[in-house]
*Asks:* 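Shown below is the structure under consideration.
These numbers were taken from a predicted model, which means no experiment stands behind them. Numbering starts at 1 and runs along the sequence shown. Just so you know, ligand 1 is whichever comes first in the structure, and atom 1 is the first atom listed for that ligand.
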Amino acid sequence: MARTCVFCGATPLTKEHTLPRWLKSALPPGGSRALHVRETESTRVQHVASALDATVKIVCAPCNNGWMNRLENEVRPFLPDLINGRAVELTPEDQRALASWSLKTMFMFSGQNKHPRLEMLPLKDCAAFYRDREPSRFMIARIGAMEPWENDEGSAMVEFVCPQYSGPDPTANPTYVSTLRIGWLLIQLVRAGSLNDDQVLAPFDPHPMFHPLWPVGATLTWPPLRPLPAAQMAAIACPPTLPIQVA
Ligand SMILES: [Zn+2]
């Protein structure tokens, strides 16, 4: 069966860069590595690729060249500053664009993993995102600044980590924590599995290392008061319990 666009359901599919080519000028020249890690309770898949050359074939050309491209243009004025750790003021409209761009990019990273057993790309979430073009009421997101790090294998400029917190029922709504770091910029999005119609997700607790990003708030100045320690990436990206509450 032909695979269809994860957003609109159309065929044929075209190759889309996981990270847009225009980011090339914002990342250090040559050899920028991307590291993405997907975790379930029992499995850990780690994949290292070039940050800018990786492609994924899960969307159609009209989506790729249309609304997804417009999303790129919306974040283009400030995303390179965030990646390079330069102070940025983010208006509510900027926050909306950045949260939406991040979710789109997280979907692209999710779709890159070819391992069928770990196909976690939440199709339900893709359809809702295509309809609304922004994160859903089941999601909250926050933004921090993390000093780029180096280890024995060199530096990874881009990291994507997305542990699942869902139970074994594949028909239930997915629950996950998705963390994307590009240079200094770190965005974390939490997707709660289920909410009653009258329930909303409580905002993140105030934190010296994070600003809330979604739902959108008042104009904020990035970076937050304190940077996130790079050594805590695993603890931040894979918290032992889901860092959300229902209000
Ligand atoms: Zn499409």
*Asks:* Using modelled atom types and a 3.5 Å cut-off, is there a donor and acceptor pairing between side-chain atoms of Asp94 and backbone atoms of Thr91?
*Replies:*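 Present.
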*Asks:* I'd like to know if the side chain of Gln232 and the backbone of Pro229 have a donor-acceptor N/O pair within less than 3.5 Å.
*Replies:* no
*Asks:* Is Arg133 positioned over the aromatic face of Phe129, cation under 6.0 angstrom from the ring centre and no more than 45 degrees off axis?
*Replies:*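 Cation-pi check for Arg133 and Phe129: fails.
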*Asks:* Test: side-chain hydrogen bond (donor to acceptor under 3.5 Å, both in side chains). Region: residues 95-106. Which pairs qualify, not counting sequence neighbours?
*Replies:*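 Passing the test, one end in residues 95-106: Glu72-Trp101, Glu72-Lys104, Glu74-Arg96, Glu93-Arg96.
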*Asks:* Using side-chain hydrogen bond (donor to acceptor under 3.5 Å, both in side chains) as the criterion, list what pairs up with Arg86, not counting sequence neighbours.
*Replies:* Asp81
*Asks:* Val216: which other cluster members, linking ILVMFWY side chains closer than 4.5 Å, directly or transitively?
*Replies:* Trp214
*Asks:* Can you count the protein N/O/S atoms lying under 2.8 Å from the Zn ion (ligand 1), leaving waters out?
*Replies:* 4
